[in-house]
Amino acid sequence: MSVSKNLQNFTQWGRKIVAVGRNYRDHCAELGNPIPKSPLLFMKPPSSYLIEEAGPILIPRGCNDIHHEVELGVVIGSKCQDVSEKEVLNHVAGYALTLDMTARDFQNEAKAKGNPWAMAKCFDTALPVSRFIALNEIPDPGNVELWCKVNGEERQRGTTSDMIFSISHLISYISKYFTLDEGDLVLTGTPAGVGPVKEGDVLSCGITDLIEMNFNVKRKL
Ligand SMILES: O=C(O)/C=C/C(=O)CC(=O)C(=O)O
Ligand SMILES: [Mg+2]
């Protein structure tokens, strides 16, 4: 699809962010979760976006276990409502490299009480995000290698070919329940290797040698 130049600033649009959880078998196993039968969805707010130049990832107040989750983001280019899997790629404008930062202690507490995950997933700086990645830079989104390092030490390396639900399936599925609009972002889930970062760490992630981003980690005062 042709991409409006403006869409390159998708993080400033204030659009929806739909995140998929438990989309890699090895990540389900490491957290002791069952393999989902259908996509597990949650939301992150646009206020959680953090671009590289904007400053550090801030550990939210009271959190003692914040985890990195490197993920491929898909930028929606046009309205998706009841879109078939075959049509999905016509609605994709491009991609982004993302970190679904997760306050794991908040999430575990919420899970134990049967409560929603908002406190764990939605805090300010919970969504470090790269520049817009054009379609031609990722010819096959179903076979993209993602990596994540803490202080230069590799923690995550996985490929989108290991997703349980493909990008086409995810977007088609979401569009059956709620409309995706131009400028929305879909996070496609993280592979195994998630783990903690602490104040003073440098968190780096990338897509093979296509793109890399680096963030300092600080505690919110
Ligand atoms: O159920 C859990 O314990 C944790 C789930 C997640 O945080 C899911 C994701 O965000 C993911 O798989 O990427
Ligand atoms: Mg995630």
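Computation of the quantities below employed the complete heavy-atom set of this structure, encompassing side-chain atoms and omitting hydrogens, waters and symmetry-equivalent molecules. All of these numbers come straight from a predicted model, not from anything done at the bench. In each ligand, atom 1 is the first atom listed, and ligand 1 is the first ligand listed.
Nearest to the Mg ion (ligand 2), among the N, O or S atoms that Glu71 has, is OE2.
Asp100 contributes OD2 and Glu69 contributes OE1; the angle these two atoms make at the Mg ion (ligand 2) is 90°, rounded to 10°.
The shortest non-hydrogen separation linking Cys122 to Lys44 is SG-CA, 4.3 Å. Taking all atoms of both residues into account, the shortest heavy-atom contact from Asp100 to Phe42 is OD2-CZ, 3.6 Å. Taking all atoms of both residues into account, the shortest heavy-atom contact from Arg219 to Glu199 is N-OE2, 3.2 Å.
Taking a cutoff of 4.0 Å between a charged side-chain nitrogen and a carboxylate oxygen, Asp181 and Arg15 do not qualify as a salt bridge. We find that Glu212 and Lys149 are not joined by a salt bridge, their nearest charged nitrogen and carboxylate oxygen being 4.0 Å or further apart.
Of the candidates Leu99, Leu170, Leu127, Val20, Leu187 forms a side chain to side chain contact (heavy atoms under 4.5 Å, CB included) with just one, namely Leu127. With Arg104 as the fixed residue, the side chain to side chain contact (heavy atoms under 4.5 Å, CB included) test singles out one of Ile66, Leu31, Asn64: Leu31.
Near ligand 1, heavy-atom contacts under 4.0 Å come from Val20, Gly21, Arg22, His27, Leu31, Asn33, Phe42, Glu69, Glu71, Asp100, Arg104, Gln107, Lys111, Trp117, Lys121, Gly189, Thr190.
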